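The structure appears right after this line, and notes come after that.
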Amino acid sequence: MSRYRHVIFDLDGTLIDSAPAILSSFRQAFATTGIQPAMAIDASVIGPPLIETLQMLSASTDGATIERLASAFKASYDSTGLLETRDYDGVTVMLKALAASGRHLHIATNKRIHPTRLILEHLGWSGLFDNVYALDLFEPRLRDKAEMIARLLTDRQIPVEEAVYIGDREEDGSSAECNALPFIAATWGYGALTEEELRSNWRMAASPGLLATLL
């Protein structure tokens with residue numbers, strides 16, 4: 001077994017293709033509230049936490065406006081929207097193989113904890129992960145992904161030298177670095193980093209099978 005006994009994953013764009021479900025629910029939220037989006041609702045907006053994304057899409061920081069949009073989004077996404085989520089080809093096989101090899105799998109995601117748990121159940125993955133962390137799992141809410149990873153490492157007493165973080169965006173790599181974790185970029189998703197965007201100490205995997213080989 002490699003030194004990575006603990007494998008920590010981002011979720012959206014890394015393990016799951018949630019773009020169609022998320023974008024549909026964003027559009028539904030704006031239609032339901034009658035608020036006009038200030039920019040195109042496309043895959044480029046996926047990744048940041050919900051409130052941050054809604055502020056960007058609406059070009060507003062007004063609390064009442066964002067709350068209306070957030071409530072409409074949650075009503076759509078948490079009921080039927082998330083059921084459109086699918087796993088990327090080869091991910092389920094990879095996760096099961098890693099778990100069977102004795103590795104401990106964890107999730108650290110910007111997605112809210114409630115739909116995250118529903119999606120894991122929907123995909124049959126609930127039993128594969130030791131821990132599932134989200135920004136809103138705690139009160140007060142964690143500030144960012146770097147703080148979330150730090151909290152996971154501390155809470156679960158995970159040795160940094162035995163862990164690795166897997167994600168698809170620059171934020172993921174930076175958050176790993178803030179915690180002295182090695183980072184592997186999953187380049188099969190919609191947030192995929194290009195080879196030119198990779199930092200010298202980051203590695204990349206073009207498929208779940210290649211990622212399993214690296215681990």
Side-chain angles (χ1 to χ4, degrees), residues 8-86 107-122 131-152 154-155 165 167-179 186 189-193 197:
I8 309 170
F9 290 97
D10 170 51
L11 188 60
D12 291 318
T14 300
L15 298 180
I16 60 173
D17 181 1
S18 53
I22 291 175
L23 296 178
S24 176
S25 291
F26 275 138
R27 295 184 184 112
Q28 183 65 37
F30 280 90
T32 298
T33 59
I35 298 170
Q36 184 68 28
M39 59 183 290
I41 300 177
D42 58 31
S44 67
V45 307
I46 300 176
L50 175 60
I51 298 303
E52 182 180 329
T53 303
L54 289 173
Q55 290 173 338
M56 178 176 61
L57 287 174
S58 64
S60 173
T61 56
D62 176 68
T65 297
I66 300 304
E67 179 56 34
R68 287 175 61 205
L69 287 168
S71 295
F73 175 87
K74 292 173 185 177
S76 171
Y77 189 72
D78 294 3
S79 56
T80 58
L82 63 81
L83 298 178
E84 298 180 42
T85 303
R86 68 173 183 85
I107 286 176
T109 177
N110 282 335
K111 186 183 288 295
R112 292 173 297 117
I113 191 63
H114 178 61
T116 294
R117 287 169 172 161
L118 292 177
I119 287 170
L120 295 181
E121 182 179 350
H122 171 62
N131 300 286
V132 179
Y133 271 45
L135 297 177
D136 67 339
L137 181 62
F138 303 94
E139 184 62 42
R141 182 179 180 274
L142 300 177
R143 292 173 298 178
D144 53 33
K145 186 168 284 185
E147 184 177 12
M148 175 171 41
I149 293 173
R151 183 68 181 265
L152 170 61
T154 300
D155 288 352
Y165 190 64
D168 67 320
R169 292 180 178 270
E170 191 275 339
E171 177 206 16
D172 297 322
S174 297
S175 298
E177 285 191 344
C178 284
N179 289 281
Y190 46 73
L193 290 163
E197 293 172 318

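Residue numbers run from 1 in the order of the sequence given. Worth saying up front: this structure is predicted, and the values here are computed from it rather than measured.
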Worksheet entry | Derivation of the side-chain contact (heavy atoms from CB on, under 4.5 Å) call for Arg169 and Tyr190 | CA-CA 9 Å; Arg169 292 180 178 270; Tyr190 46 73; 4.0 Å; yes
Between [X] and [Y], which heavy-atom pair has the shortest distance, and what is it?
X     : Y      : answer
Ser76 : Ser79  : O-OG, 3.0 Å
Ile8  : Ala108 : CG2-CB, 4.0 Å
Ala21 : Thr85  : CB-OG1, 4.2 Å
Ser25 : Gly81  : OG-CA, 4.2 Å
Val45 : Met56  : CB-CE, 3.9 Å

As an exercise, state the distance from [atom1] of [X] to [atom2] of [Y], rounded to the nearest 0.5 Å.
X      : Y      : atom1 : atom2 : answer
Leu54  : Phe30  : CG    : CZ    : 6.0 Å
Glu84  : His122 : CD    : NE2   : 9.5 Å
Asn179 : Glu147 : CG    : CD    : 10.0 Å
His114 : Leu82  : NE2   : CG    : 8.0 Å
Ile107 : Leu15  : CD1   : CG    : 6.0 Å
Phe138 : Ile113 : CZ    : CD1   : 8.5 Å

Practice prompt. Can you sort out the partners of Phe9 under ring pair (Phe, Tyr, Trp, His ring centres under 6.0 Å), two or more places apart, ordered by chain and number?
Written response: none
When you compare the side chains of [X] and [Y], does any donor N or O come within less than 3.5 Å of an acceptor on the partner?
X      : Y      : answer
Ser175 : Glu171 : no
Tyr133 : Asp155 : yes
Glu52  : Asn110 : no

Worksheet item: With Asp78, which residues qualify under side chain to side chain donor-acceptor pair (under 3.5 Å), at least two apart?
Response: Arg112
Item to complete: Sequence neighbours left out, what passes side chain to side chain donor-acceptor pair (under 3.5 Å) with Gln28? Give chain and number order.
Response: Thr32
Worksheet item: Given the rule in the side-chain contact (heavy atoms from CB on, under 4.5 Å) test, do Leu118 and Leu83 qualify, once you have shown the distances and angles that lead to the verdict?
Response: CA-CA 9 Å; Leu118 292 177; Leu83 298 178; over 6 Å; no
Fill in: Derivation of the side-chain contact (heavy atoms from CB on, under 4.5 Å) call for Ile119 and Ser18
CA-CA 10 Å; Ile119 287 170; Ser18 53; 5.5 Å; no
Worksheet entry | Side chain to side chain, Ile22 and Lys111, heavy atoms closer than 4.5 Å | yes
Worksheet entry | Other residues, nucleotides, ligands: >12 heavy atoms within 6.0 Å of Glu197 CD | yes
Discussion item. One pair to check against side-chain contact (heavy atoms from CB on, under 4.5 Å): Phe26 and Leu50. What are the steps and the verdict?
Written reply: CA-CA 10 Å; Phe26 275 138; Leu50 175 60; 3.6 Å; yes
Worksheet entry | Basic-acidic side-chain contact under 4.0 Å: Asp10, Lys145 | yes
